[in-house]
Amino acid sequence: MDVKAPKGTADILPPDSEDWRRVVEKGTALFRTYGYREIMLPVMEHTEVFARGIGQGTDIVQKEMFTFTDKGGRSLTLRPEATAGVARAFIQHRLDAAGLPVKLYYRGPMFRHERPQAGRYRQFRQLGVELIGSPYPAADAEVIVLCAGFFSGLEIETDLAINSVGDDECRPAYVEALRKYLGRHEGKLCGDCRRRAVENPLRVLDCKVEGCAEVIAAAPTIEDYLCGPCREHQGELEDLLRAVSLPFRRDGRLVRGLDYYTRTVFEFQDPKLGGQNALAAGGRYDNLVKELGGKPTPATGFSIGMERVMLAGPRQEGRSEDGVFVVAIGETARGKAFLTAQGLRGAGIRADLDHLRRSPKAQMREADRGGFAFSVIIGEDELAGGYYTLRNMSAATQERVEEAELLETLRRRLDESGA
RNA sequence: GUGGGCGUAGCUCAGCCGGCAGAGCACUGGGUUGUGGCCCCAGAGGUCGCGGGUUCAAGUCCCGUCGCUCACCCCA
């Protein structure tokens, strides 16, 4: 029995899980203010969904998927990303029937079989949105601005890079030109890039090998090949971003590892992170829904890598003290302490008590460590007199509270200390 | 898939040229008949990753192996 989590997976334990929860809740609350609603998807799909959606030639499909055969002989795959699954659900449930656009957000684990390293895991969590049904630049602008809002809300500084990868009209001509260019400079390319130059020339653009970088610097860029409509789309998007004063950098070499992107692609990068610097990425995918068998439906969206966000150090509000720890002194007080804690919990106040029958000192220590604002002390005297001793932990002051008034007094005191 | 670094207490790590397995933090109890944080005392906690070899003797040296980690590739 191996008592370790599988390679590339991790447990997120308290108190870290509390930080995660806050970030996720803040993000999803923001998504809702933009009109997005949650879609909850299976973590696995028929392999076909990803093979056709993401693209047969991509690294993800060729070597990074957790694929298995179920007992019925079907090939299933743990989702390496969510967009293909969203598109599948959109088609299956005819989500367009209620009118477009459809605005959805999702969260949850994704799986890719890669060698783990900082900011890269085999199971990782994403938070993302999809805006399905609009072909217009304002849709791209909305998701980009939304994503920027997510980061600014956490006080994470990011660089925004955008590009257009063209569409069916203009991309083929560019790819052809690039292939020819790379062919002429084959001698200077690394082995991988020589292969890529033939199979998937766009991928050469983000190669970091020195010799390749030199070739890439002088390579034709997509910009020069964009067709009129794509150029116009890009221009309008940039105007909108400028109109809301969102700084961006146009990066003609920004390409994505998924085939479904058309026109707009973008990436939010953390300049302080090393190799794995993309905190979030997305773009337009006007062909995906059609590719999976639905009606041609334009769409745009992004996905945020939660592990990387946590690595980037989102600002966390300090943990404030709250709630009450009920201290029972002596055998006979325990029953009363249990009832008291239950009463407080029922009233919506965080309350806890000792479960190990420990000394008063140990109980006070637990109250301290647990970050409680108050402790309620019940001993022989209190039992006999029908009152509680209420202790303000940070002020180290105590007061006598009549039994019937505990809840009211506590509410008032918590209110005072919370403000 | 390729290359580097590291595996000793729950965590972070020390352990020299081979000679009784340690510290800090955390945890438990006590110093205070019923009171936390600071301090003091005590305690509990170990397959030194695993397997083999060398040696009177291995955490330490050698070989193998597994794991973790970082980088490349790729990507969130």
Side-chain angles (χ1 to χ4, degrees), chain A residues 2-10 13 54 58-64 79-83 107-128 147 158 190-193 195-196 200 203 206-210 212 254-258 266-270 273-283 302-312 321 325 327-333 354 356 358-383 389-398:
Chain A
D2 195 349
V3 292
K4 284 185 189 145
K7 191 187 197 69
T9 69
L13 308 171
I54 298 169
T58 60
D59 281 342
I60 292 177
V61 170
Q62 286 199 332
K63 47 185 205 195
E64 295 174 5
R79 61 182 184 190
E81 57 99 50
T83 302
R107 58 169 142 174
M110 309 295 157
F111 306 85
R112 290 182 201 174
H113 192 112
E114 304 177 85
R115 281 285 280 272
Q117 67 187 76
R120 198 179 73 187
Y121 309 93
R122 289 186 174 181
Q123 173 175 338
F124 57 101
R125 292 155 187 83
Q126 287 189 335
L127 203 55
C147 194
T158 54
C190 67
D192 280 334
C193 282
R195 177 179 51 77
R196 285 194 283 245
N200 196 350
R203 295 245 57 86
D206 52 15
C207 182
K208 281 139 197 146
V209 176
E210 214 170 301
C212 298
L254 179 67
V255 290
R256 305 238 47 80
L258 297 79
F266 59 90
E267 211 168 84
F268 283 85
Q269 299 157 346
D270 182 345
L273 257 43
Q276 266 59 41
N277 67 348
L279 298 184
F302 65 79
S303 194
I304 298 166
M306 282 298 299
E307 281 78 3
R308 293 182 188 178
V309 168
M310 299 312 289
L311 224 51
E321 311 212 312
F325 192 87
V327 174
I329 298 169
E331 201 82 6
T332 48
D354 168 59
L356 296 174
R358 286 181 296 198
S359 68
K361 177 176 177 162
Q363 293 185 49
M364 289 301 294
R365 198 165 52 227
E366 189 174 346
D368 184 47
R369 275 197 304 244
F372 293 91
F374 291 89
S375 55
V376 166
I377 298 160
I378 306 169
E380 300 292 336
D381 297 348
E382 286 82 354
L383 282 178
T389 297
L390 180 62
R391 180 180 179 84
N392 180 321
M393 294 301 284
S394 54
T397 55
Q398 296 189 174

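Residue numbers start from 1 in every chain, and the chains themselves are labelled A, B, ... in the order their sequence lines are given, proteins ahead of strands.
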Test item: A/P109 and A/R79 side chains (from C-beta on) under 4.5 Å apart, heavy atoms: yes
Using atom P of each nucleotide, how far apart are B/rC20 and B/rU33 to the nearest Å? 44 Å
To the nearest 0.5 Å, how far apart are OG1 in A/T332 and CD1 in A/I378? 10.5 Å
Rounded distance in Å - CG (A/D354) to P (B/rC27): 15 Å
Nucleotide pairing, RNA chain B (Watson-Crick or G-U, distances under 3.5 Å), in dot-bracket with [ ] and |: (((((((..((((.....[..)))).(((((.......))))).....(((((..]....))))))))))))....
At under 4.0 Å, does any side-chain N or O of A/R358 touch on OP1 or OP2 of B/rU28? yes
Roughly how many Å is it from CZ in A/R308 to P in B/rC74, rounded to a whole number? 14 Å
Over how many whole Å does the gap from A/Q62 atom CD to B/rC75 atom P extend? 12 Å
Euclidean distance, atom CD1 of residue A/I60 to atom C1' of B/rC73 [Å, nearest integer]: 14 Å
What is the separation between atom CD on A/E64 and atom C1' on B/rC74, rounded to the nearest whole Å? 6 Å
Interatomic distance, A/I54 atom CD1 to A/D59 atom CG [nearest 0.5 angstrom]: 11.5 Å
Looking across every strand, which nucleic acid part, if any, lies under 4.0 Å from A/G119 by heavy atom: base, sugar-phosphate, or nothing? base
What does nucleotides 30-37 of chain B look like as a protein-contact string, B for base, S for sugar-phosphate only, - for none, at under 4.0 angstrom between heavy atoms? SB--BBBB
As a test of reading the structure: which of B/rG67, B/rG3, B/rA76 is closest to the side chain of A/K4, going by heavy atoms? B/rG67
Suppose you measure atom C1' in B/rG67 against the same atom in B/rC73; what distance do you get, rounded to whole Å? 22 Å
With heavy atoms under 4.0 Å as the rule, sort A/R112 into base, sugar-phosphate or nothing. base
Determine whether a donor-acceptor pair (one donor, one acceptor, N or O, separation below 3.5 Å) exists between the side chain of A/R120 and the base of B/rC70. no
Is A/Q117 side chain donor-acceptor paired with the B/rC73 base, going by distance under 3.5 Å alone? yes
With rounding to the closest Å, how many angstrom separate the P atoms on B/rG45 and B/rG5? 37 Å
Point-to-point distance, once rounded to the nearest 0.5 Å, from CG of A/L383 to CD1 of A/I329: 10.0 Å
Which atom of A/R107 lies closest to which atom of A/L127, heavy atoms considered: CB-CD1, 3.3 Å
If I take atom OG from residue A/S375 and atom CG from residue A/N392, how far apart are they, to the nearest 0.5 angstrom? 9.0 Å
With heavy atoms under 4.0 Å as the rule, sort A/K7 into base, sugar-phosphate or nothing. sugar-phosphate
Smallest separation among heavy atoms of A/F124 and A/R112, with atom names: CZ-NE, 3.6 Å
Calculate the interatomic distance between A/Q269 atom CD and B/rC75 atom P; express it in whole Å. 13 Å
What's the gap between B/rC75 and B/rG3 when it is taken at their P atoms, as a whole Å value? 22 Å
note: A/H113, atom NE2; B/rC75, atom C1'; distance rounded to Å ~ 15 Å
Look at all strands and tell whether A/A118 reaches a base, only sugar-phosphate, or nothing, counting heavy atoms closer than 4.0 Å. sugar-phosphate
Do you know the tightest heavy-atom contact between A/R308 and A/A278? NH1-O, 3.0 Å
To the closest 0.5 Å, what do you measure between NZ (A/K4) and OG1 (A/T9)? 12.0 Å
For A/E114 and B/rU69, what is the distance between atoms CD and C1' respectively, to the nearest whole Å? 16 Å
On a whole-Å scale, what distance lies between the P atoms belonging to B/rU12 and B/rG49? 15 Å
Whichever of A/I304 and A/K63 has the more 5' nearest nucleotide on RNA chain B, that residue is A/K63
Say we look at B/rG46 and B/rA71: how far apart would their C1' atoms be, to the nearest angstrom? 33 Å
Tightest non-hydrogen contact, residues A/A10 and A/R125, listed as O-NH2, 4.0 Å
Using the P atoms only, state how far B/rA76 lies from B/rA14, rounded to an integer number of Å. 38 Å
Going by the salt bridge (charged side-chain N to carboxylate O under 4.0 Å, His left out) test, which pairs reach into residues 113-123 of chain A, not counting sequence neighbours? A/E114-A/R120
Say you pick atom P in B/rC16 and the same atom in B/rG64; how far apart are they, in whole Å? 24 Å
How would you label the contact of A/F325 with the nucleic acid (heavy atoms, under 4.0 Å): base, sugar-phosphate, or nothing? nothing
